Amino acid sequence: MCLSMDFLEGLNPRQKEAVAHVEGPLLVLAGAGSGKTRVITHRMAHLMAAHRVPGWAILAVTFTNKASGEMRDRVRTLITGNVAGADSLPTVATFHSFCVRLLRREGAPLAEVRPGFTPLFSIYDDDDQLSILKSVYRQLGLDEKFLAYRAALSRISHAKSHKETPEDLARNATDPVSTRLAVIYERYQTRLLESNALDFDDLLLEAVRLLAHDRLTREKLNRRYEFLMVDEYQDTNRSQYELMRLLSSERGNVAVVGDEDQSIYGWRGANIRNILDFERDFPGAKTIRLEQNYRSTKNILEAASAVVANNTERIGKWLWTESGAGEKVTLYEAPDAENEALWIADTIEAHLSRNPQDRAAVLYRTNAQSRQIEEALRRYGRKYVVVGGFSFYQRAEVKDVVAYLKALVSPQDSISLLRVINTPARGIGRTTVEQIEQYGLAHGLSLWAALERMLEERAFPARAEAALSGFHRMMSEMATGVESRPIAETLRAVLENTGYRTMLEEEGTQEAQGRLGNLDELLNAAVDASERGETVRDFLDHAALVSDADSVDERAPVSLLTMHNAKGLEFPVVFIAGLEEGLFPHSRSLDSEMGMEEERRLCYVGMTRAEKRLYVSWARSRRRYGGGQPEASIRSRFLQEVPPALLEKARGQRGQVDLYAEQHMVRETARKNLYTGKTYNSVENIRQFFAGGAQAAAPGAAKPAAVPHVVPRPVTPIRKKTGVGSTIEHVKYGRGTILKLEGSGEDAKVTVNFPGYGLKKLVAKYAGIKIE
DNA sequence: ACTAAACTATATTTC
DNA sequence: ATAGTTTAGT
């Protein structure tokens with residue numbers, strides 16, 4: 001009476017074959033839009049239903065939190081009620097979150113090879129990495145002219161992921177820069193060790209190290225995970241490859257899904273050879289090609305395929321589709337970048353007014369390109385969402401407050417402490433801080449330990465001493481019991497006790513108000529996290545591992561994003577802007593064939609995002625930055641690679657004059673209608689960063705209401721009694737109606753609409769609202 | 001010792 | 001355009 005459903009039904013023969021595969025290595029070459037997520041999820045369900053594999057014995061690894069959240073949801077939907085006796089779900093995680101979990105739970109043995117390591121390690125993001133590097137440079141008396149921070153970091157990262165120690169680097173160095181780099185690398189690594197911190201590379205590396213050296217842990221995991229699946233295999237790097245091998249070493253049941261034509265992260269260490277050489281690395285591997293595309297029209301598919309066909313590093317596929325030819329790819333040649341942006345906005349306007357249900361995306365090579373397009377859209381009063389760029393969690397105020405949390409949880413975390421020691425300004429100046437750093441360096445102490453020792457020794461002048469002992473006391477007080485206290489509680493204490501909130505309130509600028517809004521939203525996220533039972537650790541892990549791609553709201557009518565961020569997404573209407581030599585393909589990739597092929601793959605990724613309509617554009621002139629002179633540009637070679645028969649010039653070729661007139665008209669309308677377009681960094685998105693849990697996305701978790709409409713608005717405490725549906729008085733923003741009330745008492749969350757200011761979600765306790 | 005204004009060198013993509 | 005750094009002023 002088993003209600004096992006047939007998960008092979010409704011699949012094409014190739015997909016069926018992939019889903020039905022059970023034992024042994026499997027390579028699924030899944031072209032763009034060929035239903036690879038479907039294959040992965042169905043395979044998991046099929047294993048559970050037809051082969052009685054328990055969910056916990058399956059591990060699937062994806063690249064973004066968003067992808068793993070979606071995959072988890074889809075598997076859940078598939079098996080719920082359809083698979084008898086399925087009481088556990090497969091583990092779906094990103095490589096990074098999997099490693100973090102592993103290291104926190106089973107990482108203790110690493111202390112043997114990594115002195116001072118504890119499972120309470122901090123995670124350092126690139127900002128933190130940068131601070132370390134700056135400090136190392138200072139220590140070594142170097143400056144950026146010698147070697148740019150970014151360059152140094154990427155070389156360190158490269159060395160790390162190839163398991164090269166500073167000594168290896170020094171030995172193989174053939175030039176003075178490399179010799180010096182070895183020293184920088186050595187110091188950098190020492191700092192991480194001293195701070196008990198891991199950078200992104202370390203998360204993978206140390207997980208590999210743990211599994212390679214600790215037989216028990218390896219065997220335990222191998223026993224547990226009978227089946228391993230890896231999504232986006234073309235973007236795995238060496239550590240990820242090794243991790244995968246270690247996890248599947250006993251059974252060899254590893255299924256990888258990928259597309260060599262979509263390998264676009266070579267610069268981040270991804271090794272395209274992983275996918276190209278899979279059959280060699282895993283003898284007896286079965287290879288299945290998914291070549292039927294279900295996404296795009298024939299014209300779009302052929303155009304994209306024609307471009308990528310110019311690459312040599314391919315296994316080779318030819319995608320086909322049963323769908324109709326559709327429209328041709330529209331090409332627009334703009335006189336300059338502003339005109340290009342206006343044309344895009346204009347065309348979006350025209351398209352969406354005819355097809356209001358369609359979603360459009362504007363893709364570009366560099367984030368800097370978004371500005372002009374945003375401006376153009378704003379002139380039309382068209383709502384849009386920008387993905388990436390300056391995202392929420394990278395904002396200074398969020399990073400500051402998060403740094404406080406990190407410092408409280410891990411006193412050894414000197415980088416975080418350094419970040420907050422004089423933020424807000426509390427009279428602990430640069431010289432004082434440098435003294436403490438020096439002392440720490442000399443005595444092998446963390447910043448915090450050095451500070452304590454120096455206070456004991458009364459090593460500071462009176463003024464500094466007062467400031468420092470005050471700081472020390474404040475931090476110690478907040479740190480006690482931090483692991484057991486609700487996150488929001490600690491967060492609130494940080495905001496109040498450190499004077500951070502006061503600092504922003506006193507600033508009084510529009511910008512400061514926005515920052516306050518962001519912090520309120522962070523507080524909301526913290527409350528949500530507590531409700532999900534997360535510890536401060538979990539919260540911080542989450543904050544460290546969210547990515548821009550996780551914040552994509554597919555329901556947005558208009559999205560602006562880089563082609564990198566667009567991977568895995570699809571849109572009825574797609575624009576690709578800035579198809580110019582030097583921009584796309586980017587100038588940094590011009591000189592190497594490898595780089596050029598990656599750019600071409602990026603182009604392929606961009607084009608294949610489109611379902612119905614693809615527009616490509618370039619500008620004859622563009623200025624590199626602000627005051628610079630406009631420079632003439634040459635149309636991208638990728639445009640030449642599209643067969644002319646598939647291209648058509650933008651109809652009517654709206655000239656400058658039309659656009660110019662329109663621009664004025666539109667400006668007027670926008671002025672009258674009160675601009676509502678801007679959603680960039682909107683606080684509404686913030687919850688998503690934290691909500692789509694790396695660990696536990698709640699089933700059918702309510703996503704924040706569609707697309708944000710409003711610029712972040714200041715919120716000051718509301719001191720008035722409130723109830724559901726009633727009106728409350730806001731100190732600055734007047735009356736607002738409570739639209740929604742979640743929970744009760746001081747933990748209640750209310751959604752308030754302030755006319756003219758928009759929706760605001762508040763937590764009663766922290767906003768000073770009393771719910772009767 | 002800190003702040004604010006002036007100056008200058010600066011942009012690829014990001015887990 | 002903007003972030004980061006230097007300089008002058010408090």
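Here the structure is a predicted model, which is why all the values come from computation and not from measurement. Within every chain, numbering begins at 1; the chains are lettered A, B, ... in the order of the sequence lines, protein sequences first and strands thereafter.
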- Query: When you measure from the side chain of Arg238(A) to the backbone N and O of Asn271(A), does any donor-acceptor pair fall under 3.5 Å?
  - Reply: no

- Note on the structure: Each nucleotide of nucleotides 3-10 of chain C classed B (base within 4.0 Å of a protein heavy atom), S (only sugar-phosphate) or -, in 5' to 3' order, makes S-------

Rounded distance in Å - [atom1] ([X]) to [atom2] ([N]):
| X | N | atom1 | atom2 | result |
| --- | --- | --- | --- | --- |
| Asp126(A) | dT13(B) | CG | C1' | 13 Å |
| Leu153(A) | dT14(B) | CG | P | 16 Å |
| Glu434(A) | dA1(B) | CD | P | 10 Å |
| Ile373(A) | dA1(C) | CD1 | C1' | 16 Å |
| Leu561(A) | dT13(B) | CG | P | 13 Å |
| Arg268(A) | dT13(B) | CZ | C1' | 9 Å |
| Asn565(A) | dC15(B) | CG | C1' | 11 Å |

- With a 4.0 Å cut-off on heavy atoms, is Ile428(A) in touch with a base, just the backbone sugar-phosphate, or nothing at all? sugar-phosphate

- Reckon Phe95(A) touches a base, only the sugar-phosphate, or nothing at all at heavy-atom distances under 4.0 Å? nothing

Not counting sequence neighbours, which residues clear side chain to side chain contact (heavy atoms under 4.5 Å, CB included) with [X]? List them please.
| X | answer |
| --- | --- |
| Glu232(A) | Lys36(A), Phe63(A), Gln234(A), Asp235(A), Lys567(A) |
| Ser410(A) | Ser122(A), Gln412(A), Asp413(A), Arg537(A) |
| Ala425(A) | Asn422(A) |

Out of [options], which nucleotide sits closest to the side chain of [X]?
| X | options | value |
| --- | --- | --- |
| Asn367(A) | dA1(B), dC2(B), dT14(B) | dT14(B) |
| Thr432(A) | dT3(B), dT14(B), dA1(B) | dA1(B) |
| His564(A) | dC15(B), dC2(B), dT14(B) | dT14(B) |
| Asp548(A) | dT13(B), dC15(B), dA11(B) | dC15(B) |
| His586(A) | dC15(B), dT12(B), dT14(B) | dT12(B) |

- Query: What integer number of Å spans the C1' atoms of dT12(B) and dT5(C)?
  - Reply: 24 Å

- Query: Given the C1' atoms of dG4(C) and dT13(B), what is the spacing between them in whole Å?
  - Reply: 23 Å

- Message: The criterion is ring pair (Phe, Tyr, Trp, His ring centres under 6.0 Å); which residues satisfy it with Phe117(A), sequence neighbours excluded?
- Response: Phe121(A)

Can you find a side-chain donor-acceptor pair between [X] and [Y] that sits under 3.5 Å?
| X | Y | value |
| --- | --- | --- |
| Asp400(A) | Tyr500(A) | yes |
| Asn237(A) | Ser161(A) | no |
| Thr562(A) | Arg365(A) | no |
| Tyr604(A) | Arg600(A) | no |

Where do N or O atoms of nucleotides 4-8 of chain B meet protein N or O atoms at under 3.5 Å, pair by pair?
none

- Task: State whether the distance check finds a donor on one side and an acceptor on the other, under 3.5 Å, for side chain Arg365(A) versus base dT13(B).
- Result: yes

- Query: Near Arg463(A) CZ, under 6.0 Å, is it more than 12 heavy atoms from other residues, nucleotides or ligands?
  - Reply: no

- Query: Within less than 4.0 Å of OP1 or OP2 of dT2(C), is there a side-chain N or O belonging to Arg371(A)?
  - Reply: yes

- DNA chain B nearest-nucleotide lookup for Pro461(A) and Glu598(A): closer to the 5′ end is Pro461(A)

- Message: Reading DNA chain B from 5' onward, which residue's closest nucleotide shows up sooner: Arg588(A) or Arg463(A)?
- Response: Arg463(A)

